[in-house]
Amino acid sequence: MNSLPEIASQIRRDIVRMVHGVQSGHPGGSLGCTEYFTALYFNIMKHNPAFNMDAAGEDVFFLSNGHISPVFYSALARSGYFPVKELATFRKLNSRLQGHPTTHEHLPGVRIASGSLGQGMSVAIGAALAKKLNNDNNIVYSLHGDGELDEGQNWEAIMFAAHKNVDNLIATIDFNGQQIDGPTKKIMGLDSLRAKFEAFNWQVLEMEGNDMDAVVAGLNNAKTFVGKGKPIVIIMKTSMGKGVDFMEGSHEWHGIAPNDEQLAKALAQLPETLGDY
């Protein structure tokens, strides 16, 4: 546990440097989900960096809100899926690290192309059902944005998962209250998100997403409900841009890059712990 905050600090450094390097990308949601990715890849999930697409005998993760690829790529690289130095190619021509993850780039750790929002829930449910058919008792994890729930396909999938008792799925909603056009409450209010999932017959949990202890405890708690007949969802409360004071809580940092001065200010708040790429 003591090392997880240090890993998270380095991942945040990677995020702002990657986006700054090409003046393109999505730092806000990436920074907000750093504790989640750190806990998942370095503590919670049973996974093998010697990547196999079928993932037999291991847990699987699907990123639905694919625009937060910087945090995903950093977590994969730092946990051994590909060389950390490759982070320097983010969004560049012929890079495997495209702005939204793709499978045709053959980047280890990426199992679906994501970025067209709303599809990850359906894919995760399909993978979870496949594991059941294969008598594979491992868990499928997925991450979704709260603004992403505007997409109707999510709710069809949510209804299906409960009907089929997909109880080996732990889906997490990044509940930061922000989306590209502004606060979710102004664009398309989610209102009682917990009540919505409960009405669809899911096991609903909540956790603070920017507290490392709370994230580890929350994910471990979610695992105790696996195999009990209901799909599991965690409503994870985060702050967009967490870790960089001038980015925190603002939808304006959803998809813009820091300039040189802003990068220096951001890095001054984020200790280098594992070595920059």
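We use all heavy atoms of the structure for the numbers below, so side chains are in, but hydrogens, waters and symmetry mates are not.
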| said: Between S64 and L143, is the side chain to side chain contact (heavy atoms under 4.5 Å, CB included) condition met? List the steps. | reply: CA-CA 6 Å; S64 187; L143 180 66; over 6 Å; no
| Heavy atoms of other groups near K237 NZ, more than 12 under 6.0 Å | no
| Hey, what's the ring geometry for F37 with F61, parallel, tilted or perpendicular (30° and 60° as the breaks)? | perpendicular
| said: Would the distance check show the side chain of Q10 and the main-chain N or O of L274 forming a donor-acceptor pair, the cut-off being under 3.5 Å? | reply: yes
| query | Does Q203 reach the side chain of V233, with side-chain heavy atoms less than 4.5 Å apart? | reply | no
| Looking at L31, I15, L63, which hits side chain to side chain contact (heavy atoms under 4.5 Å, CB included) with V71? | I15
| field | Nearest-0.5 Å distance, CG of residue N201 to CD1 of residue I158 | value | 12.5 Å
| field | Atom of A266, atom of V244 and distance for their closest heavy-atom approach | value | CB-CG1, 3.8 Å
| query | Under the 3.5 angstrom rule, does the side chain of Y36 hit a backbone N or O of D174 as a donor-acceptor pair? | reply | no
| field | Polar side-chain atom of S74 near backbone of P70 as donor-acceptor pair, under 3.5 Å | value | no
| task | Could you tell me whether the side chain of E248 and the main chain of G243 form a donor-acceptor pair under 3.5 Å? | result | yes
| field | Flag side-chain contact, heavy atom, 4.5 Å: T102 against V110 | value | no
| When you look at N65 and L117, which way does the side chain to side chain contact (heavy atoms under 4.5 Å, CB included) test go after all the steps? | CA-CA 6 Å; N65 47 331; L117 296 177; 4.1 Å; yes
| task | Would you check, one step at a time, whether the test side chain to side chain contact (heavy atoms under 4.5 Å, CB included) holds for M236 with I173? | result | CA-CA 6 Å; M236 180 175 73; I173 310 299; over 6 Å; no
| task | Please collect all salt bridge (Lys or Arg N to Asp or Glu O under 4.0 Å) contacts where either partner lies in residues 86-104, sequence neighbours excluded, each pair once. | result | E86-R96
| query | Which atom pair, heavy atoms only, marks the closest approach of V216 to I44? | reply | O-CD1, 3.9 Å
| request: Might you point out which heavy atoms bring F62 and A124 nearest each other, and give the distance in Å? | output: CD1-CA, 3.8 Å
| Taking only residues two or more places apart in sequence, or in another chain, which ones meet F200 in a ring pair (Phe, Tyr, Trp, His ring centres under 6.0 Å)? | W155
| task | Look at the side chain of W253 and the backbone N and O of M240, then say whether any donor-acceptor pair between them is shorter than 3.5 Å. | result | no
Ignoring hydrogens and angles, write down the donor-acceptor pairs under 3.5 Å from the side chains of residues 159-171, residues two or more places apart or on other chains.
unit_1: N165; atom_1: ND2; unit_2: G229; atom_2: O; d: 3.0
unit_1: D167; atom_1: OD1; unit_2: K132; atom_2: NZ; d: 2.7
unit_1: D167; atom_1: OD2; unit_2: K228; atom_2: N; d: 3.4
unit_1: D167; atom_1: OD2; unit_2: G229; atom_2: N; d: 2.9
unit_1: N168; atom_1: ND2; unit_2: A128; atom_2: O; d: 2.9

| message | Closer than 4.0 angstrom, basic N to acidic O: yes or no for E261 and K265? | response | no
| task | Indicate yes or no for a side-chain donor-acceptor contact from R194 to the backbone of V204 under 3.5 Å, with no hydrogens or angles considered. | result | yes
| task | Working to the nearest 0.5 Å, report the span between CG of L97 and OG of S69. | result | 7.5 Å
| request: For the residue pair S79 and F42, establish whether any side-chain heavy-atom pair is separated by less than 4.5 Å. | output: yes
| task | Taking atom types as modelled, find out whether S142 and H144 have a side-chain donor-acceptor pair closer than 3.5 angstrom. | result | yes
| Exam field: side chain N259 to backbone Q262, donor-acceptor pair closer than 3.5 Å | yes
| message | Assess, by modelled atom type and distance only, whether the side chains of N154 and E148 contain a donor and an acceptor separated by less than 3.5 Å. | response | no
| Where the side chain of D59 meets the backbone of N138, is there a donor-acceptor pair that is under 3.5 Å apart? | no
| request: Check A55 against K131 and note the closest heavy-atom contact, atom names and distance. | output: O-NZ, 2.8 Å
| query | Is there a side-chain contact between H254 and H67, using heavy atoms and a 4.5 Å cut-off? | reply | yes
| Student check: side-chain heavy atoms of F51 and H106 closer than 4.5 Å | no
| said: Is the shortest side-chain heavy-atom distance between I7 and Y41 below 4.5 Å? | reply: no
| query | So D276 and R17, side chain to side chain contact (heavy atoms under 4.5 Å, CB included) or not? Walk me through it. | reply | CA-CA 9 Å; D276 289 334; R17 293 184 67 235; 3.5 Å; yes
| request: Only pairs at least two apart or in different chains count here, so list each side-chain hydrogen bond (donor to acceptor under 3.5 Å, both in side chains) that has a residue in residues 110-126. | output: S122-Q153
| Residue pair N52 / E58, side-chain donor-acceptor N/O under 3.5 Å | no
| Would you find more than 12 non-hydrogen atoms of other residues, nucleotides or ligands less than 6.0 Å from E252 atom CD? | no
| Do M212 and Y141 belong to the same hydrophobic cluster, where Ile, Leu, Val, Met, Phe, Trp and Tyr are linked whenever their side-chain heavy atoms lie under 4.5 Å apart, directly or via other members? | yes
| ring pair (Phe, Tyr, Trp, His ring centres under 6.0 Å) with Y81: which residues, sequence neighbours excluded? | H47
| note | Minimal heavy-atom distance between A39 and L219, with the atoms involved, is CB-CD1, 4.2 Å
| remark: Residues pairing under salt bridge (Lys or Arg N to Asp or Glu O under 4.0 Å) where one sits in residues 34-52, two or more places apart or in two chains, turn out to be R12-E35
| task | Taking K242 for its side chain and G29 for its backbone only, find out whether a donor-acceptor pair lies under 3.5 Å. | result | no
| request: Report the C-alpha distance between D14 and R78 in whole Å, list the side-chain angles of each, state the deciding distance to 0.1 Å, and finish with yes or no for salt bridge (charged side-chain N to carboxylate O under 4.0 Å, His left out). | output: CA-CA 10 Å; D14 291 344; R78 296 289 176 179; 2.9 Å; yes
| request: Determine the minimum heavy-atom distance between H20 and P258, stating which atoms define it. | output: CD2-O, 3.1 Å
| task | Say whether T238 and N210, considering side chains only, have a donor N or O and an acceptor N or O under 3.5 Å apart. | result | no
| query | Does a side-chain heavy-atom distance below 4.5 Å link L107 with F82? | reply | yes
| said: Strictly distance-based, threshold 3.5 Å: is any side-chain N or O of T224 a donor or acceptor partner for the main-chain N or O of N220? | reply: no
